[in-house]
Structure formats: C-alpha cells, structure tokens
K.L.:
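First the structure, which I've put down as structure tokens, then a few questions once you've had a look.
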Amino acid sequence: MAGKWHLACQLTRLGVLPHPLQSVSATSPVNTWLLLLHKVYILLTMSEHNSRKLNRLLASLGDSTLVTSRWLRQHGYASNLVARYVASGWLTSPARGVYLRAGGHVTWPAVIRALQDGERLAMHVGGRFALAWHGHEHYLRLGSAPTVTLYGSDSLPGWVSKLPLGERFIGCGKGPFAFPVECHRDEDKEGSLRDSGLERLSHESAANGLVFATPERAMLELCDAPVSAALIYEVDALMQGMANLRPKRLEYLLQHCTSIKAKRIFLALAERHAHDWLSHISLEGVNLGRGKRGLIPGGRLHPTYQITLPVDLDEQLG
C-alpha cells in the first residue's frame with residue numbers, strides 16, 4: 001500500500017491526479033481520489049505487462065522469422081495488439097496475415113520454416129528444388145526465378161504467393177506416395193521420416209532443420225510430373241549422375257510409389273545408364289502395371305518397361 005501512496009504523491013505533484021482535499025466529490029473527495037489512483041495503477045500494470053509480452057515476442061523472432069496471425073493468437077497476441085505493434089514500428093507485415101520483426105527480411109528457408117514449424121503443416125521440399133539443393137542443379141531446368149516445389153497433404157497458404165521474394169512456391173499435392181500423414185516437427189519420428197524417403201537437414205545453413213526429400217524420393221517425385229519430352233531429357237540427364245543412390249531405400253520407395261508412370265520412367269532411365277545399384281534392387285512387390293504406355297508421341301518403345309521415350313535421347317545428353 002505504501003508503494004501506491006508514493007505513486008499517488010508523484011502523480012499528484014505532476015497534476016495527473018487532483019489533490020485529495022480539492023472538492024472532487026461533494027461526498028468523499030478522498031475516496032474519489034483513491035478510485036482514480038486505482039485506475040491509473042491498473043493502466044500502468046497493464047502497460048508493463050504488454051511491454052514484457054512485446055519483448056518476449058521480439059526476442060523469439062530472428063531476422064527472417066515469419067509468424068502468422070494464427071500463430072500469434074495461439075501464443076496470446078490478439079489481433080488488436082498485433083496491429084499496435086505494426087503501427088508502432090515493432091513488426092512489419094510483408095503479406096496479409098504474416099509478420100516479421102521490423103528490419104527483418106524474407107527468405108525462402110524462412111517461408112518453409114514457418115510452414116513446417118510454425119503452422120505444423122505436413123509439407124516437405126521435394127522434386128526439382130530438392131534435387132537442386134542436393135547438388136544436381138546443373139542438370140535441371142530451374143529458370144531465372146527458381147521454383148520451390150513443396151509436396152504434402154496440406155494446401156499452400158495464400159500468403160505465400162504474396163511475399164516479396166525472387167523464388168516462387170508451388171504446391172505439388174501429395175505426390176506419388178501414400179505414406180501416413182505426419183507433422184514433420186515431431187522430433188521423435190525421425191525414423192518414419194527416413195522410411196518415407198525424407199530427411200531433416202543438419203548442416204550450417206539457413207535451411208538447417210528443414211525437411212527435404214532425399215535424392216531417391218525427389219527423383220520419383222520429378223518422374224511423376226506432367227510428361228513431356230523436356231521432362232524426359234531432364235530426368236535422363238539427372239539419372240546419368242545418380243551413381244550413388246541407395247538401393248534398399250529405392251526398393252522401399254518403389255514398393256510404396258503409387259504412380260505407374262513415375263516408376264517406369266525411373267527404371268527405364270536407370271537401366272539405360274546401367275548404374276550398379278540397379279542390380280541390387282528387387283522388383284518383387286513393385287506394381288508396374290500392365291500394357292504399353294505411350295508417353296511421348298512418335299517415341300521409341302522401351303523393351304523392358306513398355307513406355308515410349310524420345311528417339312533423340314542420346315543427342316540431347318551429348
């Protein structure tokens with residue numbers, strides 16, 4: 001109580017509170033004065049609480065950490081409080097519904113981290129972009145603006161496409177696999193990640209901790225893309241450099257791959273380049289479908305896997 005009286009005296013001298021002997025109330029000037037003191041005390045306490053909340057939030061955000069409105073609400077930051085942070089210059093909003101610390105910058109690893117960690121979406125980096133990250137970019141058609149290819153059962157939030165980034169993001173759906181849907185942030189499920197042909201990156205880079213497809217899975221995901229001669233040329237060039245794929249992991253992925261087309265393309269081009277690991281893969285239990293598949297009009301029929309491939313594969317590879 002002594003602290004309140006000390007605060008009251010300070011506020012009275014500053015003119016914030018009237019003197020208790022002034023006729024603030026005809027019935028009880030002292031009670032009115034104490035009521036005003038109580039209100040000011042509450043306001044000051046709330047201000048201190050909000051200041052601590054802001055400091056905790058800023059301390060948790062890195063230079064490129066993105067958080068969504070949903071994440072902020074879940075952690076006790078109401079929309080009106082977030083709006084005040086933005087108006088005061090503590091946070092910025094690069095796209096509607098997503099925020100980062102003032103002075104921060106948006107990067108593609110930060111976007112993926114927000115999706116996998118913050119939003120806990122069952123989504124991984126796969127296909128073409130994963131292969132580029134694993135060191136095969138010189139074989140790929142990446143273009144001037146790289147496209148981050150994301151696979152998973154969850155949809156890509158709308159704010160992702162509104163971010164000021166040089167990279168584009170596309171959601172490729174579940175891809176050619178039907179593994180159980182799991183949140184990739186459950187640290188005790190590293191074994192199921194490996195079984196599904198996924199891995200959590202562990203090296204010193206901005207992508208540390210993010211979930212990517214292994215080269216084996218990423219190749220099958222790429223083979224599942226819409227077929228064209230350009231895609232076959234691209235996969236063929238990639239396959240030439242895939243001398244170190246792991247046969248046991250490939251065998252498991254082939255058994256669980258749901259795309260007949262992807263499996264036939266992968267195996268036909270692997271056979272074409274005569275990689276040693278191919279002889280260590282058993283195709284027992286791998287469903288390759290039946291009949292011929294005319295993938296490329298006017299192409300040459302592969303004798304083993306019964307798909308048509310471009311007749312000029314050797315010329316393109318050269």
Side-chain angles (χ1 to χ4, degrees), residues 46 49-127 129-130 133 145-175 180-190 193 198-202 205-213:
M46 290 175 60
H49 174 69
N50 287 337
S51 178
R52 287 198 300 266
K53 286 188 68 171
L54 173 60
N55 290 337
R56 282 198 305 269
L57 176 61
L58 295 178
S60 70
L61 301 180
D63 288 338
S64 60
T65 305
L66 287 168
V67 290
T68 65
S69 299
R70 187 208 62 80
W71 186 94
L72 287 164
R73 285 194 304 272
Q74 188 180 45
H75 288 77
Y77 297 89
S79 57
N80 60 336
L81 188 58
V82 174
R84 282 170 52 191
Y85 292 165
V86 173
S88 301
W90 295 109
L91 297 178
T92 60
S93 180
R96 185 175 180 179
V98 66
Y99 303 88
L100 76 161
R101 194 170 66 185
H105 55 283
V106 184
T107 64
W108 67 261
V111 176
I112 299 169
R113 198 175 306 281
L115 297 172
Q116 292 182 351
D117 292 7
E119 298 305 289
R120 298 182 65 82
L121 299 181
M123 189 174 288
H124 69 270
V125 182
F129 196 82
W133 181 260
T147 298
V148 182
T149 43
L150 296 170
Y151 291 77
S153 56
D154 290 317
S155 299
L156 201 60
W159 54 262
V160 174
S161 62
K162 305 295 194 304
L163 294 171
L165 275 172
E167 296 85 3
R168 293 192 312 117
F169 290 78
I170 61 168
C172 302
K174 292 175 60 177
V181 176
E182 295 176 347
C183 172
H184 297 326
R185 292 314 308 165
D186 294 340
E187 300 292 346
D188 58 341
K189 294 181 177 177
E190 296 299 317
L193 280 181
L198 301 174
E199 61 184 350
R200 197 181 310 281
L201 302 184
S202 57
S205 75
N208 181 54
L210 301 180
V211 176
F212 273 60

K.L.:
In chain order, what residues pass the side chain to side chain donor-acceptor pair (under 3.5 Å) check against D63, with sequence neighbours excluded?
P.N.:
R101

K.L.:
Is it the case that the side chain of R113 and the backbone of N208 share a donor-acceptor pair, with hydrogens and angles ignored and the cut-off at 3.5 Å?
P.N.:
yes

K.L.:
Is any side-chain heavy atom of L72 closer than 4.5 Å to one of L81?
P.N.:
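The answer is no, as the side chains (C-beta and beyond) never meet within the 4.5 Å cut-off.
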
K.L.:
Which value, rounded to the nearest 0.5 Å, describes the distance between D154 atom CG and Q116 atom CD?
P.N.:
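So the gap between those two atoms works out to 11.0 Å.
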
K.L.:
Between L58 and Y85, does the side-chain contact (heavy atoms from CB on, under 4.5 Å) criterion hold? Intermediate values first, please.
P.N.:
CA-CA 10 Å; L58 295 178; Y85 292 165; over 6 Å; no

K.L.:
Roughly how far apart are Y99 OH and W159 CH2, rounded to 0.5 Å?
P.N.:
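CH2 of W159 is found 12.5 Å from OH of Y99.
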
K.L.:
Testing the basics here: between A95 and K162, what is the closest heavy-atom pair and its distance to 0.1 Å?
P.N.:
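Heavy-atom minimum between the residues: CB-CB, 3.8 Å.
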
K.L.:
Kindly give the heavy-atom pair with the smallest separation between Y151 and G127, and that separation in Å.
P.N.:
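Taking Y151 first and G127 second, the nearest heavy atoms are CE1-N, 3.6 Å.
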
K.L.:
Going by salt bridge (Lys or Arg N to Asp or Glu O under 4.0 Å), name the pairs with one or both residues in residues 86-100, residues two or more places apart or in two chains.
P.N.:
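Matches after skipping sequence neighbours: none remain.
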
K.L.:
Can you pull out every salt bridge (Lys or Arg N to Asp or Glu O under 4.0 Å) where at least one residue sits in residues 72-82? Sequence neighbours excluded, please.
P.N.:
none

K.L.:
With sequence neighbours left out, what residues match T68 under side chain to side chain donor-acceptor pair (under 3.5 Å)?
P.N.:
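T68: side chain to side chain donor-acceptor pair (under 3.5 Å) contacts with E119.
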
K.L.:
Kindly give the heavy-atom pair with the smallest separation between L115 and V160, and that separation in Å.
P.N.:
CD2-CG2, 4.2 Å

K.L.:
Test your reading of the model: is there a side-chain donor-acceptor pair from T149 to the backbone of F129, 3.5 Å cut-off?
P.N.:
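Present.
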
K.L.:
Considering non-hydrogen atoms only, spot the tightest contact between W133 and S205 and give its length.
P.N.:
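Scanning both residues, the minimum pair turns out to be CZ2-OG, 3.8 Å.
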
K.L.:
Heavy atoms only: give me the nearest S64-A110 pair and the separation to one decimal.
P.N.:
O-CB, 2.9 Å

K.L.:
Please name the pair of heavy atoms, one in G89 and one in A102, separated by the smallest distance, quoted to 0.1 Å.
P.N.:
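Shortest heavy-atom separation between G89 and A102 comes out as O-CB, 3.1 Å.
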
K.L.:
Looking at side-chain heavy atoms only, is the closest gap between L66 and P94 below 4.5 Å?
P.N.:
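A side-chain contact exists here, since the closest heavy-atom pair is under 4.5 Å.
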
K.L.:
Going from OG on S155 to CE on M123, what distance comes out if it is rounded to the nearest 0.5 angstrom?
P.N.:
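Here the rounded value is 7.0 Å.
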
K.L.:
Taking side chain as C-beta onward, heavy atoms only, is L61 less than 4.5 Å from L100?
P.N.:
no

K.L.:
In chain order, what residues pass the ring-ring contact (aromatic ring centres under 6.0 Å, His included) check against W90, with sequence neighbours excluded?
P.N.:
none

K.L.:
State, with a plain yes or no, whether a side-chain heavy atom of L121 is found less than 4.5 Å away from one of P157.
P.N.:
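Yes; the side chains approach each other to less than 4.5 Å.
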
K.L.:
Given side chains that start at C-beta, do those of V125 and L210 come closer than 4.5 Å, heavy atoms only?
P.N.:
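No; the side chains remain at least 4.5 Å from each other.
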
K.L.:
Answer yes or no: is there a donor N or O on one side and an acceptor on the other, between the side chain of Y77 and the main chain of K53, under 3.5 Å?
P.N.:
yes

K.L.:
Are more than 12 heavy atoms, taken from residues, nucleotides or ligands other than R70, located less than 6.0 Å from that residue's CZ atom?
P.N.:
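Buried by this count: over 12 neighbours within 6.0 Å.
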
K.L.:
Going by the rule ring-ring contact (aromatic ring centres under 6.0 Å, His included), which residues pair with H75 if we only count those two or more places apart in sequence or in a different chain?
P.N.:
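By the ring-ring contact (aromatic ring centres under 6.0 Å, His included) rule, H75 matches W71.
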
K.L.:
Could you check if a side-chain atom of L163 sits within less than 4.5 angstrom of a side-chain atom of V98, using non-hydrogen atoms only?
P.N.:
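L163 vs V98: side chains touch.
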
